[in-house]
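Written out below as structure tokens is the structure these notes cover.
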Number of protein chains: 2
Amino acid sequence: MAAEPATRGRPREFDPEEALSAALQVFWTRGYEGASLAELTEAMGITKPSLYACFGNKEALFHKALDLYERDKLCYMRSAMEEPTARAVAERLLRGTLNIQTGGNDPRACLGVISLVACTTQADSIKTDVLARRASSDKALVERLERAKAEGDLPAGVEPAALAAYVMAVMQGMGVQASGGASPQQLEQLVETTMAMWPSN
Amino acid sequence: MAAEPATRGRPREFDPEEALSAALQVFWTRGYEGASLAELTEAMGITKPSLYACFGNKEALFHKALDLYERDKLCYMRSAMEEPTARAVAERLLRGTLNIQTGGNDPRACLGVISLVACTTQADSIKTDVLARRASSDKALVERLERAKAEGDLPAGVEPAALAAYVMAVMQGMGVQASGGASPQQLEQLVETTMAMWPSN
DNA sequence: CAGATTATATACCGATAAGTATGAAATCCG
DNA sequence: CGGATTTCATACTTATCGGTATATAATCTG
């Protein structure tokens, strides 16, 4: 991960990538503040000093877990932009959200949503990081919808920025309902209802 | 609050209603687990023994704060059902959500959403309570939309339960975006976009 | 006023939080 | 083999968590 190959000294006995992946699972189910170091180290299979030596501290570990999350779970957001029509982009986004929320054991909201809503005490750096990443995907979607509008792919009255915020809101609402125990079928129905609402020209 | 007038003994020096209202504000900004007793007692202007004598414990205090929240902030949900058309019901719901989220100092999600997404560690009773209240409002909305459908107020292909989940999702998504620092104008735009999508027969 | 009763304030409890000091174990270079 | 270096395991520190014991102050009843 962040460390050099480290040719000298006692070799590390764990794989940082695997450990980070385990940490991500914990953060995803517990949130940043809800995840204790005891739980993290237990899941990662390492001790606290190893965690601090390899990842810095809890906060740095979370940022690295966010990186991994974005890389592994949110890649569908980038690829969705390549769909030929705005409608197809929206559907890929919604179905991608559905997939990551129902993929694991129990449905849960996007890690970003959890972190944003749940982190209240301090954790200012967490919130800032999540917001910056969110702004980036939001920008990508707005630009994609602007292109769609230029291509005549959206009705005249529809504002790309507003439509982007709307699609994101439905995705976030899906996450909340997943957290509340909604079944995959219910979430699927939510996708279909949203697509049925999609503006047609 | 929960205690009788208590004609004997030293009189209470604070107003339980006011104290509960202050506690609600803390829970609403910090979430259940994020709100510490130190912060709660500070905001309520009472000491810990007074809190425990009057409200039971932190968990009982939260349930009472939820009662107050539902009574004071979520009353718009009940009254929205009385609107004459399904479209008007949805708009009242969305605008009611907008109001409570932009009413205070800084925008924030619904307390129920915060509690549901944020409470992870134990707090099983919290989650159960929130889910039960949510199921109740969901049921009311589904029934209202079923009535709308019977009255020919909804297009043929639209399922009341699915439409209800969809409206709730947008409301919840609004809360997430409010937590993320969205401006009242952006949230207003979200309401308008959603209404522009509303199915017309 | 005396006693019963209730609320107050202060100080405390065990548990757990994040983070670290310390010494032993495992590797590399010479 | 003998430092130098890095990781590991255990035990620790300080702070805060939710919750409470205790003693004092304020009221009502008699």
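Only heavy atoms go into these numbers, but all of them, side chains included; no hydrogens, no water, no symmetry mates. Note that the coordinates shown come from a computational prediction; the quantities given were computed from them, not determined experimentally. Quick note on labels: first sequence line is chain A, next is B, and so on, each numbered from 1.
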Tell me: [atom1] of [X] to [atom2] of [N], nearest whole Å?
X	N	atom1	atom2	answer
B:Arg12	C:dA9	CZ	C1'	16 Å
B:Tyr52	D:dA21	OH	P	12 Å
A:Leu51	D:dA9	CG	C1'	15 Å
A:Phe14	C:dT27	CZ	C1'	16 Å
A:Glu33	D:dC17	CD	P	12 Å
A:Phe55	C:dG19	CZ	P	15 Å
B:Leu61	D:dG18	CG	C1'	13 Å
A:Leu37	D:dA15	CG	P	18 Å

**Asked** Within 45° of the ring axis of B:Tyr32 and under 6.0 Å from its six-membered ring centre, is that where the NZ or CZ of B:Lys127 lies?
**Response** no

**Prompt:** Does A:Arg12 make a cation-pi contact with A:Phe14 (under 6.0 Å, within 45 degrees of the axis)?
**Reply:** yes

**Item:** Passing candidate, ring-ring contact (aromatic ring centres under 6.0 Å, His included) with A:Tyr69, options A:Phe62, A:Phe27, A:Trp28
**Value:** A:Trp28

**Message:** Considering only residues two or more places apart or on different chains, which pairs with a residue in residues 167-178 of chain B satisfy side-chain hydrogen bond (donor to acceptor under 3.5 Å, both in side chains)?
**Reply:** A:Gln172-B:Gln177, A:Gln177-B:Gln172

Lys/Arg N to Asp/Glu carboxylate O, [X] vs [Y], below 4.0 Å:
X	Y	value
B:Arg95	B:Glu188	yes
A:Arg30	A:Glu33	no
A:Asp106	A:Arg108	yes
A:Asp67	A:Arg133	yes

**Partners meeting side chain to side chain contact (heavy atoms under 4.5 Å, CB included) with B:Ser21 (sequence neighbours left out)** = B:Leu68

**Prompt:** Mind checking what makes side chain to side chain contact (heavy atoms under 4.5 Å, CB included) contact with B:Glu143, not counting sequence neighbours?
**Reply:** B:Lys139, B:Glu146

What pairs of nitrogen or oxygen atoms, one from the protein and one from nucleotides 28-30 of chain C, lie under 3.5 Å apart?
none

Establish, with yes or no, whether the OP1 or OP2 oxygen of [N] is under 4.0 angstrom from a side-chain nitrogen or oxygen of [X].
X	N	result
B:Lys58	D:dG18	yes
B:Thr47	C:dT8	no
A:Ser36	C:dA17	yes

**From B:Glu91 atom CD to B:Trp198 atom CH2, the distance as rounded to the nearest 0.5 Å** = 10.5 Å

**5'-most by nearest nucleotide on DNA chain D - B:Leu40 or B:Glu13** = B:Leu40

**Prompt:** Between A:Lys48 and A:Ala53, which has a closest nucleotide on DNA chain D that is more 5'?
**Reply:** A:Ala53

Each nucleotide N or O in nucleotides 22-25 of chain D that has a protein N or O under 3.5 Å away: list the pair and distance.
unit_1	atom_1	unit_2	atom_2	d
D:dA25	N3	B:Arg10	NH1	3.2

**Fill in**
Heavy atoms of B:Gln101 and B:Cys110 approach each other most closely as NE2-N, 4.0 Å

**Message:** Can you list, in residue-number order, the parts of residues 21-29 of chain B that come under 4.0 Å of DNA chain C, counting heavy atoms only?
**Reply:** none

